[in-house]
There are 2 protein chains.
Amino acid sequence: MKFKIIDVATRAGVAPATVSRVLNDSSKVTPKTRDKVMKIINELGYQPNAAAKNLRSQKTMTIGVIVPDISNSYFSEVIKGIENIAYSKKYKVVICDTENNEEKELEFLNLLTTRTIDGVIMVAPMLANEVILQIADNGYAIGIVGKQIDHDRIPCIVTDNVKFSMKVISHLVELGHREIAFINGSAHAVDSYDRLEGYLKALREHHIPFRPELIEIGNFNETGGYEAIHRLFAKKIPFTAVYSANDEMALGVYRACSELGIQIPMQLAVVGVDNNRISKYITPPLSTVNQPKYTMGALLVEKLIDMMNENEYAENRVFKVDSELLIRGSSDFKKNGQESLK
Amino acid sequence: MKFKIIDVATRAGVAPATVSRVLNDSSKVTPKTRDKVMKIINELGYQPNAAAKNLRSQKTMTIGVIVPDISNSYFSEVIKGIENIAYSKKYKVVICDTENNEEKELEFLNLLTTRTIDGVIMVAPMLANEVILQIADNGYAIGIVGKQIDHDRIPCIVTDNVKFSMKVISHLVELGHREIAFINGSAHAVDSYDRLEGYLKALREHHIPFRPELIEIGNFNETGGYEAIHRLFAKKIPFTAVYSANDEMALGVYRACSELGIQIPMQLAVVGVDNNRISKYITPPLSTVNQPKYTMGALLVEKLIDMMNENEYAENRVFKVDSELLIRGSSDFKKNGQESLK
DNA sequence: TTGAAAGCGCTAACAC
DNA sequence: GTGTTAGCGCTTTCAA
């Protein structure tokens with residue numbers, strides 16, 4: 001049996017409006033009436049109908065999240081952060097896994113215009129900035145994780161790519177490396193620019209000449225990393241370390257090295273980015289950069305919800321968070337051995 | 001500017017009902033009117049309001065999915081299957097990551113009673129069967145992945161645990177193993193019973209006496225596996241192989257072996273279950289059972305949607321799918337070496 | 001503090 | 001084939 005507000009109202013001898021007030025604990029109701037109403041609500045197991053509520057209140061308490069690949073632990077961690085905060089604030093979360101498909105990304109944004117969701121968070125969006133800006137201009141709530149977009153109604157959270165890339169290179173230099181190759185992500189990703197910038201900046205700081213031949217593009221996936229390191233080897237330029245712009249590509253490096261009998265880290269030091277769950281379990285464990293994925297999701301959704309409810313305004317719109325370099329056996333061979341899997 | 005159906009109607013010189021008919025392509029509308037209406041719709045960029053539609057039609061075209069942990073690749077693959085099929089049928093998917101928290105699981109089910117979602121899929125639910133049966137009895141649409149529940153309105157999809165466990169043990173026996181330890185999942189999981197049953201059945205088939213001391217509980221996580229293998233070693237009973245009821249626990253086995261200097265597979269063969277993404281990348285690569293996760297999600301959501309729309313009925317309610325044994329270096333040392341990371 | 005009543009935007013039953 | 005109209009279940013003025 002499905003009850004509605006009127007059922008509760010009549011049984012409690014009050015008007016529907018009063019029941020509504022009790023439910024949304026608007027203060028203007030005497031404890032006595034409140035108790036009376038609550039009793040009936042519990043007796044009947046009454047639950048308000050969400051659709052009616054949504055229609056009337058013009059919001060759905062739902063946030064959409066668009067990610068390129070939900071089974072990539074980077075994204076699922078971000079989602080966890082979003083989800084947890086969202087639920088604690090009574091919001092639901094609808095997920096869209098685009099499978100790196102730009103059209104699916106665009107299509108999902110329709111949920112905003114149909115008012116199925118109150119706002120959307122795009123994680124590492126592929127869509128052109130203009131499209132995203134347009135949406136914000138149309139008054140829809142939108143937030144971005146992993147890319148910075150300049151619009152005073154779009155909160156963004158990004159990691160300081162330049163900074164941690166410098167940390168990585170400095171770490172390798174301190175270990176004595178001077179010829180450090182760099183496998184970058186896709187050429188059009190903003191992250192790629194920044195990571196390259198950090199790479200160059202660090203080299204300059206350490207007075208190491210920069211050699212463009214040591215840079216390759218790996219498109220952020222395992223195969224890309226595998227092919228990139230092969231291209232690097234093919235050049236016959238000596239290098240003793242490689243900075244891979246993410247862990248996935250580093251897996252490709254491991255595969256190539258395993259095939260060619262190249263020892264990590266003795267013959268080649270490797271550092272990745274992401275602290276992918278896998279990175280800890282491979283042999284040797286991969287040195288990597290740990291981005292605060294959960295926190296990034298959590299922080300951004302909080303900001304977005306605040307903005308939607310206009311508790312807060314545009315200032316402090318872009319968050320740049322720091323990442324931590326995890327030194328493991330792939331760069332520092334002293335770190336190898338027994339404790340590697342701890 | 002936000003338009004409503006009446007805006008389209010007046011501009012097109014028709015009644016709102018006609019616009020609605022065009023939108024929901026009910027056949028009773030002449031091509032001419034349809035064109036006229038569509039033209040205005042496109043001009044205005046009109047999009048129907050979801051809340052109003054939901055309220056009127058008493059459905060939300062949304063399915064909830066409850067998983068214990070979204071960053072576990074097993075679950076994210078299931079979600080992918082669900083999501084893809086759901087979106088292709090115009091359904092949205094709301095995710096709940098319970099973090100293995102039974103209360104969160106229960107709480108999320110409220111979305112059914114508030115009619116926020118039309119149905120729910122529980123993946124490896126923790127909630128007692130009675131609770132789930134009750135929900136179905138109340139007329140809500142519910143489906144289960146990874147557990148079989150007997151109720152003629154609940155579609156379920158499970159893997160044949162008995163069958164693949166037998167495959168695993170037979171594989172080990174064929175390699176010459178006779179003392180095979182078994183690290184089972186949590187004691188109250190149905191999967192655990194079935195996997196144990198398969199283990200026992202296979203031993204019997206091969207005329208290998210069953211030794212209860214060789215069985216330990218590892219609760220399906222890394223630490224559990226680590227502790228379980230330590231307990232097994234502590235017993236001083238020789239065994240040459242271990243069947244771990246999932247890959248996570250096998251990781252714990254790897255860690256313990258690495259610490260104790262035990263060589264896999266030479267001194268101990270290891271086989272897991274799940275084909276977790278990690279299993280391929282560890283050293284040696286882990287032999288494991290690949291469950292068709294994506295397909296399981298896809299198949300079940302399809303069934304659930306059919307049931308909700310009553311295209312289909314109770315018969316053929318439980319799906320049992322087969323899994324494939326992937327033999328890798330952790331059990332068969334001929335499989336080690338160069339090709340291990342391919 | 002409480003009640004009456006309007007209306008959120010859509011669909012479907014019925015009438016023409 | 002198309003229009004009219006009631007109403008889905010709730011919240012929120014406004015009045016009392």
Side-chain angles (χ1 to χ4, degrees), chain A residues 1-38 40-41 44-62 90 110-118 309, chain B residues 1-38 40-41 44-62 90 110-118 309:
Chain A
M1 178 57 196
K2 221 66 66 40
F3 296 99
K4 11 191 172 174
I5 206 167
I6 186 77
D7 297 319
V8 178
T10 46
R11 273 163 232 237
V14 297
T18 303
V19 179
S20 172
R21 286 184 192 112
V22 170
L23 250 19
N24 300 287
D25 45 31
S26 117
S27 45
K28 318 173 173 192
V29 58
T30 47
K32 202 175 144 196
T33 9
R34 157 167 283 115
D35 289 347
K36 194 168 57 180
V37 170
M38 281 311 292
I40 305 290
I41 287 177
L44 301 185
Y46 165 77
Q47 301 250 223
N49 177 300
K53 201 166 176 163
N54 291 347
L55 176 57
R56 181 59 230 219
S57 60
Q58 305 282 40
K59 39 185 196 160
T60 61
M61 300 302 281
T62 306
K90 309 282 179 208
N110 275 333
L111 297 191
L112 282 174
T113 42
T114 59
R115 314 261 72 161
T116 305
I117 57 180
D118 294 341
N309 300 323
Chain B
M1 178 61 194
K2 220 68 64 39
F3 295 100
K4 10 191 170 175
I5 205 167
I6 185 75
D7 299 317
V8 177
T10 46
R11 273 163 232 236
V14 298
T18 302
V19 179
S20 173
R21 286 183 191 111
V22 170
L23 250 20
N24 301 286
D25 45 30
S26 119
S27 45
K28 320 175 176 188
V29 59
T30 46
K32 202 174 142 198
T33 2
R34 156 168 283 112
D35 289 349
K36 194 167 57 179
V37 171
M38 282 309 294
I40 304 290
I41 288 177
L44 301 185
Y46 165 77
Q47 300 253 222
N49 177 300
K53 201 167 177 164
N54 292 346
L55 175 57
R56 180 62 230 220
S57 60
Q58 304 283 38
K59 40 185 195 158
T60 61
M61 301 300 282
T62 305
K90 309 281 178 210
N110 276 333
L111 297 190
L112 283 174
T113 43
T114 60
R115 313 261 72 164
T116 306
I117 57 180
D118 294 341
N309 300 323

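Letters go in sequence order (proteins before strands), and every chain restarts at 1.
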Expressed in angstrom and rounded to an integer, what is the separation of [X] atom [atom1] from [N] atom [atom2]?
X	N	atom1	atom2	answer
L23(B)	dT11(C)	CG	C1'	11 Å
K53(B)	dA12(C)	NZ	P	10 Å
R115(B)	dC10(D)	CZ	P	12 Å
L55(A)	dG7(D)	CG	C1'	12 Å
K2(A)	dG9(D)	NZ	P	9 Å
D7(B)	dC10(C)	CG	P	9 Å
R56(B)	dG9(C)	CZ	C1'	11 Å
K36(B)	dG3(D)	NZ	C1'	12 Å

- Considering only side-chain heavy atoms of P16(B), which listed nucleotide, dT2(C), dT11(C), dG7(C), is closest?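 Of all the options, the side chain of P16(B) is nearest to dT11(C).
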- Nearest of dG3(C), dG7(D), dA6(C) to any side-chain atom of V14(A)?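 That would be dG3(C).
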Within the structure, does a side-chain N or O atom of [X] lie under 4.0 Å from either OP1 or OP2 of [N]?
X	N	value
T18(B)	dG3(D)	yes
S57(B)	dA12(C)	no
Q58(B)	dG9(D)	yes
Y46(B)	dG9(C)	no
K4(A)	dG9(D)	yes
N54(A)	dC8(C)	no

- Between T30(B) and N49(A), name the one whose nearest nucleotide on DNA chain D is closer to the 5' end.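 Result of the comparison: T30(B).
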Examine distances only and state if a side-chain atom of [X] and a backbone atom of [Y] form a donor-acceptor pair shorter than 3.5 Å.
X	Y	result
T60(B)	T116(B)	yes
D7(A)	K4(A)	yes
T114(B)	N110(B)	yes

- Apply side-chain contact (heavy atoms from CB on, under 4.5 Å) to the pair R11(A) and F3(A), showing each step before the final yes or no. CA-CA 11 Å; R11(A) 273 163 232 237; F3(A) 296 99; 3.9 Å; yes
- Does the dG3(D) base have a donor-acceptor partner in the side chain of R21(B) within less than 3.5 Å?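 Yes.
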- Query: Are there more than 12 heavy atoms of other residues, nucleotides or ligands under 6.0 Å from atom NZ of K59(A)?
  - Reply: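 Atom NZ in K59(A) is not crowded, with 12 or fewer foreign heavy atoms closer than 6.0 Å.
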